[in-house]
Q: 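Below: one structure in structure tokens.
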Amino acid sequence: MRTAVALLACLALLLSPAPAPAEGPQATYVLRVPAPVGDSAQRLLGLGYDVLEQRDGADLFVVGDSRTAQELRSDGYRSTVETVMPPSQREPRSLGSTTYYGGYRTITAHLAHLDEVARAHPDLATVVDYGDSWRKTQGAGGYDLKAVCITRKSPGDCALTPAAPKPRLFVMGQLHAREITTGDMAWRFVDDLVGSDLTAMLDDLEIWVVPIANPDGVEIVESGGDSPVLQRKNANGTCTSGPRGVDLNRNAGSHWGEVGSSTNKCSETYRGSRADSEVEVQALESLWRKLYRDTRAPGDTAAASADTTGAVISMHSYGNYVLFPWGWSTQKTGNDAALRRIANDMAALSGYTAGQPGEVLYNASGATDDWVYDDLGVPSFVWEIGAGSGRCGGFLPPFSCQKDVHWPKVRPMLVSAMNAAKRPY
């Protein structure tokens, strides 16, 4: 009898469903989705998918996990797998670390670099603390938000006033944290400005560089070490089923809350609770208002005045584009001819494609480049650096690609932007 009971118990154990394994890190998929420019593309964004700033003909690309293809199918979109990236394995983070993923600099290394450049070149460089990251405002770690002003210093230079004597070019990287190419481009630009033939251009021009505009997000990215975490947003969020944070490039108060942004806190394009809700965006907007005169009347079709000076470049990746306002609509700005000319000049140097976002990708609202032009009239551009595929494409190219592939294209565009900032219109 005991033997029969034991056999029945073993049989029941064998037939019972196995416990579900604990869900660990998942692979990341890039899916190719047919979504032509227009209603199809805008509907895809409106559904809250993580749509990349990349287009191939009628196809857009969506980042997701193993469930995303089925979700797209349920929403009426076909998809095919373009690439698969292995899961990120977060590693214990050493505060002394200066690089990750083969040579990319950590946020602490970037901030130290600005101070080192200012100490080594006091006649050229000034570091400015323009605010705090979200985590720092919460007493939960975080970072100072830092910029460096580089010019051949004369009285009045690098002052936080729009009445400064020289035109200003503003360049920033890693507003989207996972776009690690852009932080490296900023690092190289800073070093080039103080140690090459570009220094001669600083007699009559001021350059402002923010290498890391989203330091809390970058800290999450670098926590993956050799498998960087693909964090796009900042760290302010309550999502429990996806990436936390707010998309800083959907939070700016220019046509905030319209097309191409999401109310879903777990969406990669979550716009935030209100326009300009995020401290990182508030700090940038405050800094820009201190650096530039407002030369444009209100209204979507008003033009900035001909005496406007300066330019703002926000570096992103990837797709090989030079984009300019408006991003929320295909409507033309009052300075469309000049913006288009400057963008085409940059694109000709790099082989990129120039256009309004809605012409070559899709429309999205709440972007910082729209805000700069909308609020101040200053010409503003987004560079999407890098191809969508190939060894040096995507979010995570090998570090050697920065020197060998990306920098030779970005540097000439930076020089073009320096010249354009003097008298853009």
Side-chain angles (χ1 to χ4, degrees), residues 30-46 49-63 77 82 175-176 179 181-182 232 247 249-250 252 254-255 258-261 268-269 300 311-374 379-390 393-395 406 409-410 412-413 416-417 420:
V30 177
L31 303 172
R32 177 184 287 264
V33 181
V37 171
D39 292 344
S40 181
Q42 296 309 138
R43 178 172 174 269
L44 183 65
L45 265 73
Y49 288 102
D50 185 4
V51 184
L52 300 180
E53 286 82 5
Q54 180 192 4
R55 176 175 284 284
D56 183 11
D59 297 341
L60 288 174
F61 297 85
V62 169
V63 175
Y77 288 91
E82 188 77 3
L175 186 68
H176 286 154
E179 296 167 10
T181 286
T182 66
R232 170 183 169 104
D247 184 348
N249 209 38
R250 299 293 185 271
S254 174
H255 289 267
E258 297 180 2
V259 298
S261 64
E268 292 286 11
T269 57
D300 294 336
V312 173
I313 307 293
S314 181
M315 296 188 292
H316 290 253
S317 65
Y318 48 88
N320 288 346
Y321 294 108
V322 177
L323 307 174
F324 54 89
W326 297 118
W328 59 269
S329 170
T330 53
Q331 178 176 305
K332 303 297 185 283
T333 67
N335 298 96
D336 181 73
L339 293 174
R340 202 169 290 273
R341 169 181 50 79
I342 296 168
N344 283 328
D345 288 345
M346 295 171 181
L349 295 167
S350 58
Y352 290 6
T353 298
Q356 288 179 263
E359 294 173 342
V360 296
L361 281 170
Y362 48 75
N363 292 121
S365 58
T368 58
D369 50 306
D370 271 4
W371 186 95
V372 168
Y373 177 78
D374 194 357
S380 56
F381 303 89
V382 165
W383 296 348
E384 296 287 352
I385 302 170
S389 60
F395 289 129
H406 298 317
K409 295 181 179 180
V410 169
M413 290 202 296
S416 180

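Given the structure is predicted, the values throughout are model-derived calculations rather than measurements.
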Q: Side chain to side chain contact (heavy atoms under 4.5 Å, CB included), that's the test. Do Thr333 and Leu339 meet it? Break it down for me.
A: CA-CA 9 Å; Thr333 67; Leu339 293 174; 3.5 Å; yes
Q: Kindly compute the distance separating OG1 (Thr181) from CD (Glu384), expressed to the nearest 0.5 Å.
A: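 One finds 11.0 Å between OG1 of Thr181 and CD of Glu384.
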Q: Does Ile342 form a side chain to side chain contact (heavy atoms under 4.5 Å, CB included) with Phe381? I'd like the steps, not just the answer.
A: CA-CA 9 Å; Ile342 296 168; Phe381 303 89; 3.5 Å; yes
Q: Taking Arg55 for its side chain and Leu361 for its backbone only, find out whether a donor-acceptor pair lies under 3.5 Å.
A: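 Answer holds: yes.
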Q: Between Met413 and Ser350, what is the shortest heavy-atom contact and its length?
A: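 Taking every non-hydrogen atom into account, SD-OG, 3.4 Å.
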Q: Please report the closest heavy-atom contact between Trp383 and Met346, naming both atoms and the distance.
A: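 Here Trp383 and Met346 meet closest at NE1-SD, 3.4 Å.
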Q: Report yes if the side chains of Asn249 and Thr368 come closer than 4.5 Å at any heavy-atom pair, otherwise no.
A: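 They are in side-chain contact.
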Q: Taking Glu359 for the side chain and Ala354 for the main chain, is one N or O donor matched with an acceptor at less than 3.5 Å?
A: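 No, because the side chain of Glu359 does not come within donor-acceptor range (under 3.5 Å) of the backbone of Ala354.
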Q: For the CG atom of Leu349 and the NZ atom of Lys409, what is their distance to the nearest 0.5 Å?
A: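 Result: 12.0 Å between the selected atoms.
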Q: Between Arg232 and Thr269, is there a donor-acceptor pair closer than 3.5 Å when you use the side chain of the first and the backbone of the second?
A: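 Not at all, since once roles are kept as given, no pair shorter than 3.5 Å links the two residues.
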Q: Return the NE2 to NE2 distance between His176 and His316, rounded to the nearest 0.5 Å.
A: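 So the NE2 of His176 and the NE2 of His316 are separated by 6.0 Å.
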Q: Is it the case that the side chain of Ser365 and the backbone of Val259 share a donor-acceptor pair, with hydrogens and angles ignored and the cut-off at 3.5 Å?
A: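 Present.
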Q: Keeping to residues at least two apart or across chains, list the salt bridge (Lys or Arg N to Asp or Glu O under 4.0 Å) pairs with something in residues 34-43.
A: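 Every pair satisfying salt bridge (Lys or Arg N to Asp or Glu O under 4.0 Å) with a residue in residues 34-43: there are none.
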Q: Could you walk me through whether Tyr318 and Leu52 satisfy the side chain to side chain contact (heavy atoms under 4.5 Å, CB included) test, starting with their C-alpha distance in whole Å, then the side-chain angles of each, then the deciding distance to 0.1 Å, before giving a yes or no?
A: CA-CA 8 Å; Tyr318 48 88; Leu52 300 180; 2.7 Å; yes
Q: Over all heavy atoms of both residues, which pair between Gly260 and Leu45 is shortest? Give the atoms and the distance, please.
A: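 Minimum heavy-atom separation between Gly260 and Leu45: CA-CD2, 3.5 Å.
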Q: Would you please say whether a donor-acceptor pair under 3.5 Å links the side chains of Asp374 and Ser254?
A: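 Asp374 vs Ser254: donor-acceptor pair found between side chains.
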Q: What distance do Glu258 atom CD and Trp328 atom CH2 have between them, rounded to the nearest 0.5 Å?
A: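 Going from the CD atom of Glu258 to the CH2 atom of Trp328 covers 6.5 Å.
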Q: Hey, could you give me each pair passing ring pair (Phe, Tyr, Trp, His ring centres under 6.0 Å) that has a residue in residues 342-372? Not counting sequence neighbours.
A: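 For residues 342-372, and leaving out neighbouring residues, the ring pair (Phe, Tyr, Trp, His ring centres under 6.0 Å) pairs sorted by first residue read Trp288-Trp371.
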Q: Is a side-chain donor or acceptor of Gln42 paired with a backbone partner of Asn363 at a separation under 3.5 angstrom?
A: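 It does hold such a pair.
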Q: So do the side chains of Glu179 and Ile385 get within less than 4.5 Å of each other, counting heavy atoms only?
A: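 No. Closest side-chain heavy atoms not under 4.5 Å.
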Q: Have a look at Tyr77 and tell me which of Leu31, Val62, Leu60, Leu44 forms a side chain to side chain contact (heavy atoms under 4.5 Å, CB included) with it.
A: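 With Tyr77 as partner, side chain to side chain contact (heavy atoms under 4.5 Å, CB included) holds for just one option, Leu44.
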Q: Are any of the side-chain heavy atoms of Trp326 and Asp370 separated by less than 4.5 Å?
A: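 Sidechains of Asp370 and Trp326: in contact.
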Q: If you measure only the distance, is there a donor-acceptor pair under 3.5 Å linking the side chains of His255 and Asp300?
A: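 Side chains of His255 and Asp300: pair found under 3.5 Å.
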Q: Give a yes or no on whether the backbone of Arg32 and the side-chain of Asp59 come within a donor-acceptor separation of less than 3.5 Å.
A: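 Not a single qualifying donor-acceptor pair exists.
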Q: Write down the atom of Ala41, the atom of Ala35, and the distance for their closest heavy-atom approach.
A: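 Nearest heavy atoms, Ala41 then Ala35: CB-O, 3.9 Å.
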Q: Does the pair Lys332 and Arg340 meet the rule for a side chain to side chain contact (heavy atoms under 4.5 Å, CB included), with working shown?
A: CA-CA 10 Å; Lys332 303 297 185 283; Arg340 202 169 290 273; 3.3 Å; yes
